[in-house]
Amino acid sequence: MARNGSRGKAHGLTAIAIVGILGLGAAACSDGDSPSDNASKAADAVASATARAGDKIDEIKGGIDARADVRLGKPATDGDGRSTVKVTARNTTDESKTFAVQVSFKDPDGKLLDTVVVTVDDVPAGRSKDGTARSTHKLDGADKGEVKANVTTALRY
């Protein structure tokens, strides 16, 4: 079983998603751009990062859809002003598994604000293990409790 090779890809998922989305901050903060220019650049950056995260999820070979085995807590804001949410992966198999979970942060109208991929490694057979999804930047409305989180994709392998 090529488990170690797959695990290496999963570790890269978080980094790829974060690097892709970090471009959002740079694109949205250019001096001299109008608010509509910044909004357009931000939307393009989120769309691009989402596509890259999806591509990385697709690279996992032998992954099984595990959305039914993943639960999210209530979104909160950390000390840096970024949105966080607890990710709990429940392993219903009889051997240790790793989970790759793509979490989307959205505003109350369902508009995508950010997306990240979290890897929860080595979840023991028949047990659960927690991880934390953290937005790559401060999200509008987070300080008012308006940010919602959902599982876009979850793979167990």
Side-chain angles (χ1 to χ4, degrees), residues 1-27 42 44-108 110-143 145-157:
M1 178 178 212
R3 185 165 159 74
N4 289 335
S6 295
R7 183 176 296 145
K9 289 180 185 176
H11 286 294
L13 290 174
T14 303
I16 294 298
I18 290 173
V19 167
I21 295 172
L22 282 177
L24 174 65
D44 289 347
V46 169
S48 177
T50 300
R52 280 192 296 260
D55 289 345
K56 289 301 170 185
I57 289 282
D58 290 343
E59 288 178 6
I60 295 172
K61 303 297 181 211
I64 303 296
D65 182 356
R67 285 178 288 182
D69 296 327
V70 175
R71 298 285 178 252
L72 299 181
K74 182 178 177 183
T77 304
D78 69 12
D80 294 330
R82 294 185 183 190
S83 294
T84 62
V85 66
K86 179 178 163 183
V87 177
T88 302
R90 181 174 52 101
N91 182 1
T92 58
T93 72
D94 58 359
E95 62 183 54
S96 181
K97 297 288 183 178
T98 293
F99 289 72
V101 182
Q102 183 177 356
V103 176
S104 295
F105 292 98
K106 297 182 178 185
D107 72 9
K111 178 183 172 194
L112 182 64
L113 301 173
D114 200 358
T115 186
V116 295
V117 177
V118 176
T119 303
V120 183
D121 288 320
D122 301 319
V123 181
R127 307 283 307 265
S128 295
K129 189 172 177 182
D130 297 333
T132 301
R134 182 176 187 253
S135 67
T136 60
H137 58 281
K138 293 179 183 179
L139 304 179
D140 289 338
D143 57 339
E146 296 176 349
V147 172
K148 308 295 181 206
N150 70 300
V151 175
T152 306
T153 304
L155 295 178
R156 179 185 68 227
Y157 57 100

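Residues take their numbers from the sequence shown, with the count starting at 1.
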Smallest separation among heavy atoms of [X] and [Y], with atom names:
{"X": "Ala142", "Y": "Ser83", "answer": "CB-OG, 3.4 Å"}
{"X": "Val123", "Y": "Lys129", "answer": "CG2-CB, 3.8 Å"}
{"X": "Ala100", "Y": "Ile57", "answer": "CB-CD1, 4.1 Å"}
{"X": "Val85", "Y": "Ala149", "answer": "CG1-CB, 4.1 Å"}
{"X": "Val116", "Y": "Ala133", "answer": "CG2-CB, 3.9 Å"}
{"X": "Ser128", "Y": "Thr88", "answer": "CB-CG2, 4.0 Å"}

If you measure from [atom1] on [X] to [atom2] on [Y], what distance do you get to the nearest 0.5 Å?
{"X": "Asn150", "Y": "Gln102", "atom1": "CG", "atom2": "CD", "answer": "9.5 Å"}
{"X": "Thr153", "Y": "Asp65", "atom1": "OG1", "atom2": "CG", "answer": "8.0 Å"}
{"X": "Asp140", "Y": "Glu146", "atom1": "CG", "atom2": "CD", "answer": "9.5 Å"}
{"X": "Leu155", "Y": "Lys61", "atom1": "CG", "atom2": "NZ", "answer": "11.5 Å"}
{"X": "Asp69", "Y": "Lys97", "atom1": "CG", "atom2": "NZ", "answer": "12.0 Å"}
{"X": "Asp78", "Y": "Ser135", "atom1": "CG", "atom2": "OG", "answer": "7.0 Å"}

Pairwise side-chain contact, [X] with [Y], heavy-atom cut-off 4.5 Å (strictly under):
{"X": "Thr92", "Y": "Arg156", "answer": "yes"}
{"X": "Val151", "Y": "Leu72", "answer": "yes"}
{"X": "Asp143", "Y": "Thr77", "answer": "no"}

TODO: Determine, for Asp114 against Arg82, whether the closest basic-nitrogen to carboxylate-oxygen distance falls under 4.0 angstrom.
DONE: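 Judged by the 4.0 Å cut-off on N to carboxylate O distance, Asp114 and Arg82 do not form a salt bridge.
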
Task: Backbone of Asp121 reached by a side-chain donor or acceptor of Thr119 within 3.5 Å - done: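 Checked: no pair found.
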
Open item on the list: Does Thr132 form a side chain to side chain donor-acceptor pair (under 3.5 Å) with Thr84? I'd like the steps, not just the answer.
Closed with: CA-CA 7 Å; Thr132 301; Thr84 62; over 6 Å; no

